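Only one structure is covered here, and it is reproduced in the block below.
Bear in mind that the values here come from a model prediction, so they are computed numbers and not experimental data. When reading the values below, keep in mind they use all heavy atoms of this one structure, side chains included, and skip hydrogens, waters and symmetry mates.
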Amino acid sequence: PLYREALEITRATRGPGHPDYALDLHNLAVLLETTGRFEEAELLYREALEIDRRTIGTEHPEYATHLNNLAGLLRATGRFAEAEPLYRQSLVIVRKTLGPKHPEYAIHLNNFAGLLRITGRADEAEPLYREALAIFESALGSDHPNTKIAQRNLDRFLAEGND
């Protein structure tokens, strides 16, 4: 209810076409996805992306994050072929706008590597896992939660016999 209230306040004060409204839609979509309400979440992700497309453009890091999260939902619901181009597009945008050593880029790499792993493309996934981990270690240090997640993902990948 609080997310929906925030969404309505933003709609009333900024308008339904404002980037802040898109961000609120996106945040509510994340919550809905977390609670298994995938269809509702997908609609909100797509609405947020459309607002972003019109307001901040398709070369903005926030647009890339919204693409990445929609791709994650599609991956979670087994729609791998739909998720892959979104992951790829988000990687291109983040690399171009934030650079190849930015932690946000590493998040996108790690997520895409997960898709490649579950679709049986271990040879493509491993270098992405390793690159993401290296970026996190360099930018955030070995004790940062994102670094630890990337290390666990690589370790799990290798334990599955993908070395």
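Among residues two or more places apart in sequence or in another chain, the side-chain contact (heavy atoms from CB on, under 4.5 Å) test is passed with L98 by P61, V94, H102, E104. Residues forming a ring-ring contact (aromatic ring centres under 6.0 Å, His included) with Y63 (at least two apart in sequence, or on another chain): none. With sequence neighbours excluded, no residue forms a side-chain hydrogen bond (donor to acceptor under 3.5 Å, both in side chains) with E8. Under the salt bridge (charged side-chain N to carboxylate O under 4.0 Å, His left out) criterion, R53 pairs with E50, sequence neighbours left out. Every ring-ring contact (aromatic ring centres under 6.0 Å, His included) that Y45 has, sequence neighbours left out, goes to H26.
In summary, of the residues considered (L73, L44, T77), a side-chain contact (heavy atoms from CB on, under 4.5 Å) with E33 occurs for L73 alone.
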Could you walk me through whether R46 and L70 satisfy the side-chain contact (heavy atoms from CB on, under 4.5 Å) test, starting with their C-alpha distance in whole Å, then the side-chain angles of each, then the deciding distance to 0.1 Å, before giving a yes or no?
CA-CA 8 Å; R46 291 188 186 281; L70 175 57; 3.7 Å; yes
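The hydrophobic clustering, which links ILVMFWY residues whose side-chain heavy atoms are closer than 4.5 Å, places L128 and I118 together.
For the pair P16 and I51, the tightest heavy-atom approach, listed with the atom from each and the gap, is O-CD1, 3.2 Å.
The existence of a salt bridge linking R117 and E124 is excluded, since no basic side-chain nitrogen approaches an acidic carboxylate oxygen closer than 4.0 Å. Using a 4.0 Å cut-off between charged side-chain N and carboxylate O, R79 and E42 make a salt bridge. A salt bridge links R130 to E126: at least one charged side-chain nitrogen sits closer than 4.0 Å to a carboxylate oxygen. Under a 4.0 Å N-O distance rule, the pair E84/R121 qualifies as a salt bridge.
Side-chain contact check for Y21 and R11: at least one donor-acceptor pair (N or O, by modelled atom type) lies under 3.5 Å.
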Under 3.5 Å, sequence neighbours excluded: what are the donor-acceptor pairs made by side chains of residues 133-144?
{"unit_1": "H144", "atom_1": "ND1", "unit_2": "N146", "atom_2": "N", "d": "2.9"}

